[in-house]
There are 2 protein chains.
Amino acid sequence: MAGLATPMAGHADVPEVIWARPERTGRGPRPAFTRADIADAAVRIADAQGLGAVTMRHVAAELGCGTMSLYNYVPRKEDLYELMVDAVGAEHELWEPAGDWRADMLRVARQTRALMYRHPWVPALMSPVYGFSPHALRYLEHCLACLDSFDGTYGTKFELIAMVNGVVTTYVGNELATAERVRALPWSEEQENAVRGAYLGSQVASGAYPRMAAAFMEDAGPIDLEAVFRRALDRVLDGFDPSR
Amino acid sequence: MAGLATPMAGHADVPEVIWARPERTGRGPRPAFTRADIADAAVRIADAQGLGAVTMRHVAAELGCGTMSLYNYVPRKEDLYELMVDAVGAEHELWEPAGDWRADMLRVARQTRALMYRHPWVPALMSPVYGFSPHALRYLEHCLACLDSFDGTYGTKFELIAMVNGVVTTYVGNELATAERVRALPWSEEQENAVRGAYLGSQVASGAYPRMAAAFMEDAGPIDLEAVFRRALDRVLDGFDPSR
DNA sequence: AGCGCATTACGTACGCTGTACGTAACTAGG
DNA sequence: CCTAGTTACGTACAGCGTACGTAATGCGCT
C-alpha cells in the first residue's frame with residue numbers, strides 16, 4: 001500500500017533525492033533519453049526564449065516526445081529546474097588554488113557572473129536551491145579548496161561562500177532583470193525613462209525627500225556595472241579579511 | 001486611435017507609473033474600492049495562504065467583486081505585487097538618526113527582517129522591484145538620513161543601502177524558504193533529513209570531496225539563524241567602514 | 001436641466017499551464 | 001517463457017492571466 005511496492009511510480013510518498021535515483025532500473029523498455037538530454041533541451045529553450053518558455057510541453061516538443069513522457073524522468077517541474085542548474089554548473093572551470101583566497105574567490109565570483117550572463121535565467125532559479133547536485137558539490141569543494149589559505153573554521157568558510165554566492169546572484173540578477181525589462185518594453189527605453197524620471201522628479205521636487213533631491217544634484221556619470229560589482233565583492237571580502 | 005483618446009483604458013500603449021495615476025478622474029460611477037483596499041486584501045491573502053494564493057480571482061472574491069473589475073484598478077498582476085510591497089512598506093517605523101550610521105543601518109536591517117517574518121512573501125517580490133513607490137521613497141530617504149554621519153558620496157551611500165537590502169533579502173529569503181519547505185513537506189522533516197543526509201553522506205564518503213568530508217567532521221552545533229544574520233551584516237558594514 | 005461620454009462593473013471566453021490517470025507496448029529477471 | 005515493472009503518451013481537469021463586449025452609472029458641459 002505504501003511506496004515499497006511501486007519503486008518508480010510518478011510521485012512517491014517518501015522523500016527522494018533525484019540525484020540518488022538510478023537512471024535505469026533494468027526492467028521495461030529502454031528509456032529514449034538520459035537526464036542530461038532533458039536538461040540540455042530545457043537549457044536550450046531557456047537560453048533562447050527565456051525561463052517562461054520552459055514548460056513541460058515545450059521541453060517535450062524539443063525532445064520530440066509526448067508531454068507526459070517527461071514525467072518518467074522528472075517527477076515535478078521543480079526537479080527539471082534542478083537539472084537545469086546542475087547542467088550549466090558543468091561550465092564552471094576549476095583550477096588549482098595557489099594560496100591567495102581573496103584572489104581565488106574573486107575569480108570564482110567573476111566566473112559565476114560570466115556564466116549567468118550566458119544563461120540569464122540562472123539567478124531566478126538560485127533562490128529555491130536546496131539540493132546538492134553533483135556539480136554543486138564539485139563547485140563547493142572547489143570553493144573550499146580556494147579557502148585552504150583562509151584562517152577560520154569550516155563554519156566560517158561556508159558563511160563566506162554563501163555570502164559571495166548571494167551577492168553575485170543578487171547583483172547579476174538585478175543587472176539582468178534590468179536589461180531584460182528594457183528588452184521587453186512595448187515602447188522605447190527613452191519613453192520609459194522619461195515617464196519614470198518625470199514621476200520621480202515630481203516626487204523629489206515636492207520637498208518631502210531632501211536628501212534624495214541632494215543626491216540627484218550630485219554629478220553621477222554613467223554607471224559601470226562591472227565596477228559596481230567589483231566594488232561590492234571587494235567590500236564583502238574585506239569584511240571577512242582579518243588582515244584588513 | 002492612439003492612447004490619447006482613451007485616457008483610462010485597461011492597457012496603455014504608453015509608459016505609465018501606477019503611483020502617478022490618479023485614483024479618481026471624475027467621470028463615471030464612483031469606484032467601489034481604493035487602491036489601498038485592494039492592496040490590503042491581497043496582503044491578507046498572501047499572509048494567510050501564501051503568495052501562490054494571490055490570484056486575481058481570489059483577491060476579487062476577498063473584496064466581493066467580479067474578477068475583471070480588478071483590472072479597473074490594476075492594469076496587470078505585476079502592479080498588484082507592487083501595491084502589496086508598498087502597502088507593507090508602511091510598517092517601517094522611522095526614527096531620528098543620532099549620528100551612528102552603523103547602528104542605524106543595523107537597526108534598519110533588523111526591522112526589515114522582522115517585517116519579512118510577518119509577511120514571508122516579501123522577499124520573493126523584492127527581486128523584480130524597480131518602481132519607486134511612495135513608501136519605498138520614504139524608506140530610502142530614511143536610510144539616507146541614517147547615513148548623514150557616513151563619510152562618502154551619495155553614490156557610495158546608495159551602494160551601501162543596496163548592499164544591506166540585498167543581504168537582508170537574500171538571508172531572510174533563504175531562512176523563510178527553508179521554513180516554508182519544511183512546513184509543506186508531504187512527509188516528516190526527520191524522513192526528509194534522513195534521506196538527504198544519506199545521499200549527501202554517500203557522496204562525501206566516496207572520497208571525491210575531501211574538504212566537505214572534513215567539514216562534516218567539524219563540531220557544528222545547532223545553527224542560530226539570527227546570529228548568522230547578525231554576523232553577515234556586521235561583515236558587510238565592516239566592508240564600508242573606513243575606521244576599521 | 002439634461003445630454004453625452006468616460007468610467008465602472010462583470011460575465012464569458014480563450015489559450016495556456018502543471019499534472020492525475022488509464023492504457024498499450026516493451027523487456028529483463030525468475 | 002511468463003510476468004511484473006517500466007516506458008510512452010493521449011485524454012482530461014482545474015486553475016491561471018486577461019482580452020473583449022455589454023450594461024449601468026454619474027460628472028462636466030452646454
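Quick note on labels: first sequence line is chain A, next is B, and so on, each numbered from 1.
Atoms CD (E23(A)) and C1' (dT6(D)) sit 15 Å apart, rounded to a whole Å. F33(A) places its CZ atom 16 Å from the C1' atom of dT6(D), with the value rounded to the nearest Å. A straight line from CG of L70(A) to C1' of dA20(C) spans 15 Å, rounded to a whole angstrom. As rounded to whole Å, 15 Å separates atom C1' of dG17(D) from atom CG of L51(B). If you measure from atom CG of L63(B) to atom C1' of dC10(C), you get 14 Å, rounded to the nearest angstrom.
The heavy-atom pair separating A232(B) from M163(A) by the smallest distance is O-CE, 3.6 Å. The two residues G173(A) and P123(A) have their closest heavy-atom pair at CA-CB, 3.8 Å.
Neither OP1 nor OP2 of dC9(D) sits under 4.0 Å from any side-chain N or O of T67(A). Between R30(A) and the phosphate of dT6(D), there is no side-chain N or O to OP1/OP2 separation shorter than 4.0 Å.
With hydrogens and angles left out, the side-chain atoms of H58(B) and Q49(B) include no donor and acceptor closer than 3.5 Å. Residues N165(A) and Y139(A) have side chains that bring a donor and an acceptor to within less than 3.5 angstrom of each other. Side-chain atoms of S69(A) and N72(A) form no donor-acceptor pair, as typed in the model, at a separation below 3.5 Å.
For M68(B), the listed nucleotide lying nearest its side chain is dT18(D); candidates were dT11(D), dT18(D), dG29(C). Checking dT18(D), dA9(C), dC9(D) against every side-chain atom of N72(B), the shortest atom distance belongs to dA9(C). For R27(A), taking side-chain heavy atoms from C-beta onward, the closest of the listed nucleotides dA4(D), dA9(C), dA8(D) is dA4(D).
In R30(A), the CZ atom is not crowded: 12 or fewer heavy atoms of neighbouring residues, nucleotides or ligands sit closer than 6.0 Å. Within a 6.0 Å radius of CZ in R110(B), other residues, nucleotides and ligands contribute 12 heavy atoms or fewer.
Among the protein residues, G28(A) comes within range of the nucleic acid bases, having at least one heavy atom under 4.0 Å from a base atom. Looking at heavy-atom distances under 4.0 Å, Y73(B) makes contact with sugar-phosphate atoms alone, never a base. Backbone-only contact: A32(A) has heavy atoms under 4.0 Å from sugar-phosphate atoms and none from a base.
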Produce the list of close N/O pairs, under 3.5 Å, pairing protein atoms with atoms of nucleotides 16-18 of chain C; give distances to one decimal.
unit_1: dT17(C); atom_1: OP1; unit_2: T55(A); atom_2: OG1; d: 3.4
unit_1: dG18(C); atom_1: OP1; unit_2: K77(A); atom_2: NZ; d: 2.8
unit_1: dG18(C); atom_1: OP2; unit_2: M56(A); atom_2: N; d: 3.1
unit_1: dG18(C); atom_1: N7; unit_2: R57(A); atom_2: NH2; d: 2.6
unit_1: dG18(C); atom_1: O6; unit_2: R57(A); atom_2: NH2; d: 3.0

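Residue whose closest nucleotide on DNA chain D sits further toward the 5' end, between G64(A) and P29(A): P29(A).
Atom CD1 of I18(A) and atom CG of L83(A) lie 4.5 Å apart (nearest 0.5 Å).
The side-chain tip of R35(B) does not point at the ring of Y73(B) from less than 6.0 angstrom away and within 45° of straight on.
Sorted by residue number, the list of members of residues 39-47 of chain A with any non-hydrogen atom under 4.0 Å from DNA chain C is empty.
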